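Notes follow the structure.
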Amino acid sequence: MSRVYNFSAGPAVLPEEVLKEAAEEMLDYQGCGMSVMEMSHRSKVYDKIIKDAEQDLRDLMNIPDNYKVLFLQGGASQQFAMIPMNLMKNKKAGYIVTGQWAKKAFQEAKIYGEAVKLASSEDQTFSYIPDCSDLDIPEDLDYVYICENNTIYGTKYKELPNTKGHVLVADVSSCFLSEPVDVSKYGVIYGGVQKNVGPAGVVIVIIREDLITEDTLPGTPTMLKYKTHADNDSLYNTPPCYGIYMCGKVFKWLKKMGGLAAMKEHNEEKAKILYDFLDQSKMFKGTVVEKDRSLMNVPFVTGNEELDAKFVKEATAAGFVNLKGHRTVGGMRASIYNAMPKEGVLKLVEFMKKFEEENA
Ligand SMILES: *Cc1c(COP(=O)(O)O)cnc(C)c1O
């Protein structure tokens, strides 16, 4: 068996330890004679899996008691619709457009009501986060929406926007559990788990209880009401059982690693290795304004498309895979999520140095 260094933006690298544990439990989960994939979601055994997962997530993120944790399906993209359907009481919401995912959410919201673009960084290919300390925010907005870490462009809010008292909704798909957060500052935090937490197929929604109501937009399907899932502890219908089990394992791994404060340190250390190299390199350049750089997704270019392609090809052959940048940005992107070991980043930088010398 040989494992590569996988820099994919998502689905992405998972902790090897977690994968091995899952492999060991594949045929017989803790003596019950079947795989987690094969058991009823209403069984006692599974109930403990989902309850433990929720509790471990609550511990890790310090989630206050007045927030519900929902394990849902449909990916992060389904939340682009679920959020307005459930929260747009005045049919008006504000969106800060800092990349493709925020833009998709903004466009989806327009189907349900008035979506106001409060700020955008599209003028410079989303390479920065706009100043959101004093935005012109209409009084009657139902919420202010952000994408906190922009997976494609590699930017991250280092400070949350001043919403002037409005509910903050954040897509944290690609920075989920990468550092401590103050949940109480948000109305809704959600993320698809395939970036930093688990296998694709699960989206986790952390939502303040007062935002969960019967009063959804007319025509909202039962399955798309937060209340349906909140009232049934994410077991209204069959949940993505195996995915939730894997997320639970990652939560336990994170606890063992020292929790989110330790993860932040680890992530800062890894990102610094790569950014420091980029800052001194004569060939490779980071594409993001320094103060807004993500710890998770690091896009970079050589400025020469042919050289970019050559780099990606040779890196792949050397065991550093999925480094090709998003089709809308070009160049390269190294996603260095929680489960990417420091060794992987050190070796990537070593490889980049060698490539630079050979192609100078
Ligand atoms: C990947 C990603 C999405 C889309 O996730 P799906 O689960 O594929 O719908 C949305 N937002 C962000 C920030 C992402 O990184």
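Start at 1 and go down the list; that is how both ligands and their atoms are numbered. None of these values were measured; they are calculated from a predicted model. Start at 1 with the first residue, then count along the sequence. Hydrogens, waters and symmetry mates are skipped; everything else that's a heavy atom, side chains included, is used.
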Checklist entry - Taking NZ, NE, NH1 and NH2 as the nitrogens, is one of them in E21 or K249 under 4.0 Å from a carboxylate oxygen of the other? => result yes
Checklist outcome for this item: Under 4.0 Å from one or more heavy atoms of S173, ligand 1 contributes atoms 11 (N), 12 (C), 13 (C), 14 (C), 15 (O)
Checklist entry - Under 4.0 Å between a Lys/Arg side-chain N and an Asp/Glu carboxylate O for E350 and K354? => result no
Next on the checklist: Assess whether a salt bridge exists between E16 and K20, defined as any Lys/Arg side-chain N lying under 4.0 Å from an Asp/Glu carboxylate O.
Outcome noted: yes
Item to check | For G75, atoms of ligand 1 separated by under 4.0 Å from a heavy atom | outcome: 7 (O), 9 (O)
Checklist outcome for this item: For atom 11 (N) of ligand 1, the closest protein heavy atom turns out to be D171 OD2, 2.6 Å
Checklist entry - Side chains of Y242 and E38: do they bring a donor and an acceptor to under 3.5 Å? => result no
Checklist entry - What protein heavy atom is closest to atom 7 (O) of ligand 1, reported as residue, atom name and distance in Å? => result Q194 NE2, 2.9 Å
Item to check | Per-atom contacts, ligand 1 versus C147 - under 4.0 Å to a heavy atom | outcome: 13 (C)
Checklist entry - In the protein, which heavy atom is nearest to atom 2 (C) of ligand 1, and how far is it? => result K195 NZ, 2.4 Å
Checklist outcome for this item: atom 9 (O) of ligand 1: closest protein heavy atom, distance to 0.1 Å, is S77 OG, 2.6 Å
Item to check | Passing option when L274 is tested against D279, V298, L295 for side-chain contact (heavy atoms from CB on, under 4.5 Å) | outcome: V298
Checklist entry - Between F355 and F284, what is the ring plane arrangement, given parallel below 30°, perpendicular above 60°, and tilted in between? => result tilted
Next on the checklist: Counting non-hydrogen protein atoms only, what is the nearest one to atom 5 (O) of ligand 1? Give residue, atom name and distance.
Outcome noted: A76 CB, 3.5 Å
Checklist entry - Under 3.5 Å, is there a donor-acceptor pair between the S294 and N149 side chains? => result yes
Checklist entry - Which of the atoms of ligand 1 are close to T151, meaning less than 4.0 Å from one of its heavy atoms? => result 12 (C), 13 (C), 14 (C), 15 (O)
Checklist entry - For ligand 1, is any non-hydrogen atom under 4.0 Å from Q78's backbone (N, CA, C, O), its side chain (CB onward), both, or neither? => result neither
